[in-house]
There are 2 protein chains.
Amino acid sequence: MIDLRFPTALQIVLGIQIAEEDGVRCTSQKLADSLGVTASFVRRLLVPLTRDGIVESSLGKRGGVRMARSPKNITLRDIYCCVTDDKRLLTARPDIPCQCVASANIGEFFEGVASEAEALVLDMLARRTVADSVTEIRKLEQMRIGRASAVN
Amino acid sequence: MIDLRFPTALQIVLGIQIAEEDGVRCTSQKLADSLGVTASFVRRLLVPLTRDGIVESSLGKRGGVRMARSPKNITLRDIYCCVTDDKRLLTARPDIPCQCVASANIGEFFEGVASEAEALVLDMLARRTVADSVTEIRKLEQMRIGRASAVN
DNA sequence: ACTAAATGCAAGTATGATGATGGCATTAAC
DNA sequence: GTTAATGCCATCATCATACTTGCATTTAGT
């Protein structure tokens, strides 16, 4: 099964930030609707995001979810690492019997390759902030509106 | 569940190349032993590798598996793409209801991020050939032997 | 011919992380 | 007190991956 935690968390954070900019109160129910899932599911992903100081929430009526710090200071790497725990992008086979030159050293070799791959992706994600991402989303929205009105 | 096809196929190919260099006949059973699985499982991964002209095999007694072309002309990217089909490294959520600015454009936005990540990893894998990898494995083997004898 | 040793392949089982829901106690505004 | 929100736990669902069993086929050697 493919891991959807990162894209889901990303949409949640971007949704919160956009709501904030638009002066709209954001709840887990609204986020859930925009994802097509239940509010409970959203709250589950909100747990690590809150723990890492990315978002924060208030209880009770008129409660909801807000950004916990500036979107300029949150990168996609922060979000990725926050919700995927220690899951590696590439994983070596566990429990390889050390019987030959290949099997005895493949683990160490593969670890090097996997680390390099992961570092490349994480660095790329670290170069994109939530603020940048929202800007890009809004740009895409403008183009979408442009395309839609061109049809008429 | 984590995808082990790439590390498994990698060990298979490196094992075949090492056997070839050492002048030893290689069979799916030997590869299976070095992986701790059945020969049938190895053969299953051999199917795409054969299809892509990376390895080739001969039937019957004294049959076995060989490299189909020079290890200098096979990159880790070739192996990765061969065995992982069209699986993406990062995947967007499917079926997002387009209800707001975020949900309507997140798909396109995420696709850009995912493509960039995948391109980075594939380019890195393309820079490593099977020949290079075997050299590195043998270097690790020397270090391993060095460490082992230093203990005595 | 016969046997041994190999591949090719189809069918099926297992598993476990991920995906997702429901329910309920708690909190806070009005 | 009612309403509307979060926090969190227990649970179910599913599905891609992991792997085995089993057997037909092919080929080499005697």
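Each chain gets a letter, A, B and so on, in the order its sequence line appears, and its residues count up from 1.
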Can you sort out the partners of [X] under side-chain contact (heavy atoms from CB on, under 4.5 Å), two or more places apart, ordered by chain and number?
X       : answer
B:Gln29 : B:Thr27, B:Ala32, B:Asp33, B:Ala39
A:Thr8  : A:Leu4, A:Ile12, A:Leu35, A:Phe41, A:Leu45, B:Arg93
A:Ser58 : A:Arg66

Could you list the donor-acceptor pairs under 3.5 angstrom formed between side-chain atoms of residues 123-130 of chain A and any protein atom two or more places apart in sequence or on another chain?
unit_1	atom_1	unit_2	atom_2	d
A:Arg128	NH2	B:Glu116	OE1	2.7
A:Thr129	OG1	A:Ala131	N	3.4
A:Thr129	OG1	A:Asp132	N	3.0
A:Thr129	OG1	A:Asp132	OD1	3.4
A:Thr129	OG1	A:Asp132	OD2	3.1

Anything under 3.5 Å between a donor and an acceptor, one on a side chain of residues 100-108 of chain A, the other on a protein residue two or more places apart or in another chain? List them.
unit_1	atom_1	unit_2	atom_2	d
A:Ser103	OG	A:Pro97	O	3.3
A:Ser103	OG	A:Gln99	N	3.0
A:Ser103	OG	A:Cys100	N	2.9
A:Ser103	OG	A:Cys100	O	3.3
A:Asn105	OD1	B:Arg144	NE	3.4
A:Asn105	ND2	A:Val101	O	2.8
A:Asn105	ND2	B:Glu141	OE1	2.6

Quiz prompt | ring-ring contact (aromatic ring centres under 6.0 Å, His included) pairs, two or more places apart, involving residues 9-30 of chain A | solution =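 The answer is none; no pair qualifies.
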Self-check item: Any pair counted as ring-ring contact (aromatic ring centres under 6.0 Å, His included), so long as it reaches residues 89-127 of chain A, sequence neighbours left out
Solution: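 Matches after skipping sequence neighbours: A:Phe110-B:Phe6.
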Given atom [atom1] of [X] and atom [atom2] of [N], what is their separation to the nearest angstrom?
X       : N      : atom1 : atom2 : answer
B:Leu45 : D:dA18 : CG    : C1'   : 10 Å
A:Arg43 : C:dT27 : CZ    : C1'   : 13 Å
B:Leu46 : C:dA6  : CG    : C1'   : 13 Å
A:Asp3  : C:dA20 : CG    : C1'   : 14 Å
A:Arg66 : D:dA5  : CZ    : C1'   : 12 Å
A:Arg44 : C:dA20 : CZ    : C1'   : 8 Å
A:Leu4  : D:dT14 : CG    : C1'   : 13 Å

Quiz item: Donor-acceptor pair, B:Asp52 side chain versus B:Ile54 backbone, under 3.5 Å?
Solution: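 Checking the backbone N and O of B:Ile54 against the side chain of B:Asp52, no donor-acceptor pair under 3.5 Å is found.
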Practice problem: Please work out which residues in residues 55-64 of chain B have a non-hydrogen atom less than 4.0 Å from an atom of DNA chain D and list them by number. | Solution: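 B:Leu59, B:Gly60, B:Lys61, B:Arg62, in order of number.
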Exercise. Strictly below 4.0 Å, heavy-atom distances to any atom of DNA chain D: list the hits from residues 88-116 of chain A, or just say none.
Key: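 Listed by number, they are A:Arg93.
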Exercise. List for me each residue that meets side-chain hydrogen bond (donor to acceptor under 3.5 Å, both in side chains) alongside A:Ser133, sequence neighbours excluded, and say none if there are none.
Key: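 A:Ser133: no side-chain hydrogen bond (donor to acceptor under 3.5 Å, both in side chains) contacts found.
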Exercise answer: donor-acceptor pairs, residues 19-26 of chain A side-chain atoms, under 3.5 Å, sequence neighbours excluded:
unit_1	atom_1	unit_2	atom_2	d
A:Glu20	OE1	A:Met67	N	3.2
A:Glu21	OE1	A:Arg138	NE	3.2
A:Glu21	OE1	A:Arg138	NH2	2.7
A:Glu21	OE2	A:Gln17	NE2	2.9
A:Asp22	OD1	A:Arg138	NH2	3.1
A:Arg25	NH1	A:Gly63	O	2.5

Self-check item: D:dT17 OP1/OP2 closer than 4.0 Å to side-chain N/O of B:Arg5
Solution: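 B:Arg5 to D:dT17 OP1/OP2: side-chain N or O found under 4.0 Å.
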Quiz item: Do other residues, nucleotides or ligands put more than 12 heavy atoms under 6.0 Å from the CZ atom of B:Arg62?
Solution: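 Result for CZ/B:Arg62: open.
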Quiz item: Where along residues 21-41 of chain B does a heavy atom come under 4.0 Å from DNA chain C, residue by residue in number order?
Solution: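 The answer is B:Arg25, B:Thr27, B:Ser28, B:Ser40.
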